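Worth saying up front: this structure is predicted, and the values here are computed from it rather than measured. Proteins come first, then strands; the chains are lettered A, B, ... in the order of their sequence lines, and each starts at number 1.
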Amino acid sequence: MRSTEANVDGLTEAQVKSVTHVNGPLLVLAGPGSGKTTVVTKRIANLVAQGVPPWNILALTFTNKAASEMRERVFAQIDPKTHGIRGLTVSTFHSFCARTLRTWGERIIGTRSFTIYGTSDQKSAVKTAIRACDLNDSNWKPASVLSIISGAKNQLIDAEAFAAEANDFHSKTIAKIYRSYELILRSNDAVDFDDLLLCTAQLLGRDEEVRNELQQRYQYLLIDEYQDTNRTQFVIANYIASKHRNICVVGDPDQSIYAWRGADISNILDFEKQYEDAVIVPLGRNFRSTGYIVETAAKLIAHNKFRKDKRLYTDLEKGNKPVIVTLPNEHEEADTILREVKRLHNEGTPYKEMAVLYRVNALSRVLEDAFRNEGVPYLVARGTAFYDRREVKDAVSYLRLLVNPKDDVAFRRIINAPARGIGKTSLLRLEQLASSRGLNMLGAAAFATKDLGFTARAAKALHTFHQMMARWRIDADSTQSLTAAASLADLVERMVRESGLEHSLNRIGTEEDLERLQNLEELISAASDFEEKSEDESASPLQLLFEFLEHVALVSDSDAIDPRIGAVTLMTLHAAKGLEYDFVAIAGLEDGLLPHIRALFDDTQMEEERRLCFVGITRARKHLHISSTLRRTQRGMTERAMPSRFLCEMSGPHTIQESVVDTWNTQVAPELTLSKNGSEITLGTVVRHKRFGVGKVQRVLRRERGSTVTVDFPSGTKHLVLEYANLEIVTPDF
DNA sequence: CCTCTCGCATTTTTT
DNA sequence: ATGCGAGAGG
């Protein structure tokens with residue numbers, strides 16, 4: 001039997017409505033856990049079932065992770081016998097734009113084989129730009145200039161538009177740097193992250209042919225996490241969708257957590273104004289979290305003033321009450337989380353169904369230590385960490401220069417790594433030579449001579465370097481050369497060796513060098529993996545290298561999350577967007593941390609912090625553990641911490657507060673004592689245990705059932721459940 | 001021109 | 001605490 005409808009069994013009315021919607025604009029307001037992914041994937045499947053060719057469908061997400069998950073789930077929905085999904089595009093905004101520019105880049109940036117600059121490349125380029133404007137980079141901080149430029153690009157303001165709007169000295173200067181920065185990027189055949197979007201938007205705006213082609217190709221557009229789109233992304237989406245108007249956006253204003261990066265919440269709030277005939281489907285029912293968790297989340301988010309009130313509810317059982325616990329310091333906090341993790345694991349929750357979330361990456365270290373000490377498998381979601389390593393960046397820069405000789409940023413990075421005797425002076429000379437001849441720096445290297453003021457040694461080193469790059473290029477390119485690289489991994493390996501990177505690390509042989517060497521090895525195997533996964537069998541090593549570099553440029557932290565691995569995931573609250581776990585712990589609920597210190601005095605930012613916390617809470621299916629500390633050591637300094645205001649806002653009869661005595665602080669809050677057979681066990685009480693002997697109470701944890709005490713016995717510190725421990729109070733005899 | 005050391009900022013979140 | 005950049009010595 002041939003079905004013409006998607007399988008909608010078990011869906012709610014609202015879900016069915018979004019799944020079966022075919023033509024015209026659609027806005028799905030999907031609360032947390034409302035089955036958004038199911039709806040989205042079933043809708044795509046339904047479109048295909050209704051006869052929409054898959055290649056007419058474009059689905060855009062924010063992370064690679066979300067894209068691959070969507071792809072997989074769509075695939076699972078579609079009956080392979082009747083319909084395939086060949087040609088279906090599911091992609092992140094950034095990689096979709098990258099691909100668009102790989103096709104039509106010549107029309108807007110003059111090339112299709114550009115390099116994508118990441119944060120550190122951007123910084124380096126901005127620095128050069130600041131210098132080129134005869135400015136001082138201590139007055140004009142690259143990082144802050146960059147964030148202004150980035151903000152502008154996210155609002156579709158290019159250097160010219162920025163200059164036109166600049167009135168005061170400050171913004172006029174920024175405009176100058178912006179211009180110069182753009183010039184550098186273009187002459188390097190490079191684009192930064194924001195350019196991927198900006199240039200694509202401009203291309204679509206200026207080039208009718210491209211616009212028509214994309215409109216024709218992508219007649220059905222779907223955008224996930226729409227609340228996090230910025231102005232530029234909005235414009236791109238609208239260019240594509242304006243003809244057929246089959247645009248479906250899915251999101252939740254309460255989960256908007258990227259305003260700091262230029263996300264414009266009015267995109268989703270004003271969707272119905274933009275598309276007056278839009279069908280709007282609110283999905284409020286939560287299928288993910290148990291009752292108390294939903295209640296906690298709802299209570300918290302209700303404190304946001306600038307928000308349309310909407311009901312969050314679930315029909316699931318009440319479940320476990322979220323636990324809110326305060327601890328003396330971050331180590332105890334980590335221990336407490338670990339204890340909970342182990343307890344749940346013993347009760348049958350697999351590690352991979354657990355996650356620990358925090359506001360800032362810096363918090364991961366203590367947690368990692370605790371996991372390592374306890375031998376509990378964990379995984380820190382930091383996909384970018386590997387590619388941020390110095391040696392890996394160096395190696396990648398070699399590869400980049402190989403595919404793009406104009407990449408001066410890469411050139412600068414590696415010309416003296418490993419040391420070749422090219423210092424500041426030689427570099428300055430080379431810069432002058434390059435600009436006077438209109439060459440890139442690599443090209444200029446070939447012309448360095450003594451006459452031009454180079455030392456013999458420097459000139460020779462520059463020539464050798466130039467020749468080395470030229471040789472690699474031939475080997476990467478040609479198929480008949482005797483020395484030709486057989487594969488991408490081969491190419492990377494040879495480069496690591498011949499560049500001298502490997503040798504320079506082998507020489508000294510410290511522990512750290514060894515680690516760096518291993519990272520280079522890992523890069524080679526990453527290249528090899530990439531090669532294996534590649535679908536294009538016939539691609540040349542150089543072609544593969546191109547793709548590999550793009551992959552490297554666009555990896556994100558959440559890409560490190562591999563659900564097949566049986567490990568607890570540690571990540572930032574931002575990275576947790578879109579994920580769910582049986583058990584979620586959120587650490588560091590302290591004023592200044594969550595909400596972050598930078599948001600404390602700004603209502604708008606404060607609301608975003610609250611949404612961030614909301615996102616964290618709603619990741620949990622069954623168990624939620626929230627903690628704060630009284631003292632926290634950060635950046636080498638121990639400081640007193642205040643419990644987050646969010647704790648009060650979210651707590652109530654639906655939560656359990658556990659308080660813990662500050663072991664360094666002798667004063668004991670009255671509610672922190674436990675009655676036991678008429679006597680009180682409190683901090684400092686001396687107790688006797690029939691097996692462990694006599695010990696002193698260090699800590700008391702109060703909870704509805706199974707209060708625990710921490711006792712220092714001669715044999716070591718033990719955590720005991722009061723009901724079972726059968727402790728006897730020892731009266732000290734004075 | 002390289003290497004070592006001291007001083008300083010740095011980190012909120014990410015494609 | 002750590003990592004990077006500036007400045008001094010080899």
Side-chain angles (χ1 to χ4, degrees), chain A residues 60-67 91-98 116-120 122-124 127 137-138 141-144 147 150 153-154 191-198 225 228-230 232-233 256-263 357-366 381-385 387-390 416-429 454-458 461 504 508 512 550-559 571-577 588 592-600 605 608-609 611-613 615-616 633-638:
Chain A
L60 295 173
T61 64
F62 276 80
T63 63
N64 301 309
K65 176 99 186 357
S91 166
T92 66
F93 254 106
H94 284 84
S95 67
F96 170 73
C97 290
I116 300 169
Y117 278 2
T119 318
S120 63
Q122 285 177 289
K123 256 199 198 136
S124 163
K127 243 184 200 168
D137 67 4
S138 53
K141 293 247 159 47
S144 61
S147 87
S150 171
K153 289 185 176 182
N154 285 327
V191 297
D192 64 19
F193 284 138
D194 305 312
D195 278 338
L196 289 172
L197 304 175
L198 178 66
E225 307 281 10
D228 288 327
T229 49
N230 61 38
T232 305
Q233 287 163 323
S256 156
I257 53 175
Y258 284 102
W260 56 273
R261 212 177 70 187
L357 313 180
Y358 35 78
R359 176 67 233 262
V360 299
N361 278 121
L363 291 202
S364 77
R365 174 147 270 146
V366 181
R382 284 199 107 184
T384 55
Y387 293 104
D388 279 342
R389 295 298 191 90
R390 199 190 64 201
N416 208 31
R420 293 186 176 84
I422 313 290
K424 246 190 242 156
T425 324
S426 302
L427 210 56
L428 203 69
R429 296 253 153 73
F454 291 92
T455 62
R457 198 175 155 211
S504 69
I508 311 158
E512 200 191 330
E550 180 161 319
H551 164 80
V552 168
L554 297 177
V555 282
S556 69
D557 282 352
S558 59
D559 297 336
M571 67 192 134
T572 64
L573 286 158
H574 284 90
K577 183 175 80 164
L593 204 51
L594 180 61
H596 192 266
I597 190 152
R598 308 263 298 246
L600 287 182
Q605 288 186 56
E608 180 149 316
E609 296 292 309
R611 290 194 294 268
L612 194 52
C613 188
V615 166
T633 305
Q634 258 188 308
R635 297 211 286 265
M637 290 212 293
T638 305

Nearest-angstrom distance from the residue atom [atom1] of [X] to [atom2] of [N]:
X	N	atom1	atom2	value
A/Leu427	C/dG5	CG	P	14 Å
A/Gln122	B/dT14	CD	C1'	11 Å
A/His596	B/dT10	NE2	C1'	12 Å
A/Gln634	B/dT11	CD	P	13 Å
A/His574	B/dT15	NE2	C1'	13 Å
A/Glu608	B/dT14	CD	P	12 Å
A/Leu363	B/dT11	CG	C1'	11 Å
A/Lys424	B/dC2	NZ	P	11 Å

Selection from [options] that lies nearest to any side-chain heavy atom of [X]:
X	options	value
A/Thr425	B/dT13, B/dC1, B/dT11	B/dC1
A/Arg261	B/dT11, B/dT14, B/dT3	B/dT14
A/Lys123	B/dC2, B/dT11, B/dT15	B/dT11
A/Trp260	B/dT10, B/dT13, B/dT15	B/dT13
A/Val360	B/dC1, B/dT13, B/dT15	B/dT13

Could you tell me whether [X] contacts a base, only the sugar-phosphate backbone, or nothing, with contacts defined as non-hydrogen atoms closer than 4.0 Å?
X	value
A/Ser426	sugar-phosphate
A/Phe93	nothing
A/Leu197	nothing
A/Asn361	sugar-phosphate
A/Lys127	sugar-phosphate
A/Thr455	nothing

With a 4.5 Å heavy-atom cut-off, do [X] and [Y] have their side chains touching?
X	Y	value
A/Ser256	A/Asp228	yes
A/Leu196	A/Leu554	yes
A/Thr229	A/Leu60	no

Got more than 12 heavy atoms from elsewhere within 6.0 Å of CD1, A/Ile597?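 Counting neighbours around CD1 of A/Ile597, 12 or fewer heavy atoms of other residues, nucleotides or ligands fall under 6.0 Å, so no.
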How far apart are the closest heavy atoms of A/Gln122 and A/Tyr117, and which atoms are they?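 Taking A/Gln122 first and A/Tyr117 second, the nearest heavy atoms are CG-O, 4.1 Å.
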Nearest-nucleotide 5' precedence on DNA chain B, A/Ala553 against A/Gly421: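 Residue closer to the 5' terminus by nearest nucleotide: A/Gly421.
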Between A/Gly423 and A/Tyr258, who's closer to the 5' end of DNA chain B by nearest nucleotide?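 The residue closer to the strand's 5' end, by nearest nucleotide, is A/Gly423.
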Atom CG of A/Leu594 and atom SG of A/Cys613: how far apart are they, to the nearest 0.5 Å?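 One gets 5.0 Å once the value is rounded to the nearest 0.5 Å.
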Under 4.0 Å: is that the gap between some side-chain N or O of A/Asn64 and OP1 or OP2 of B/dT15?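 Negative; the distance criterion is not met.
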If the cut-off is 4.0 Å, is A/Thr572 near the phosphate of B/dT14, judged by side-chain N/O to OP1 or OP2?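 For A/Thr572, the contact criterion (side-chain N or O under 4.0 Å from OP1 or OP2 of B/dT14) is met.
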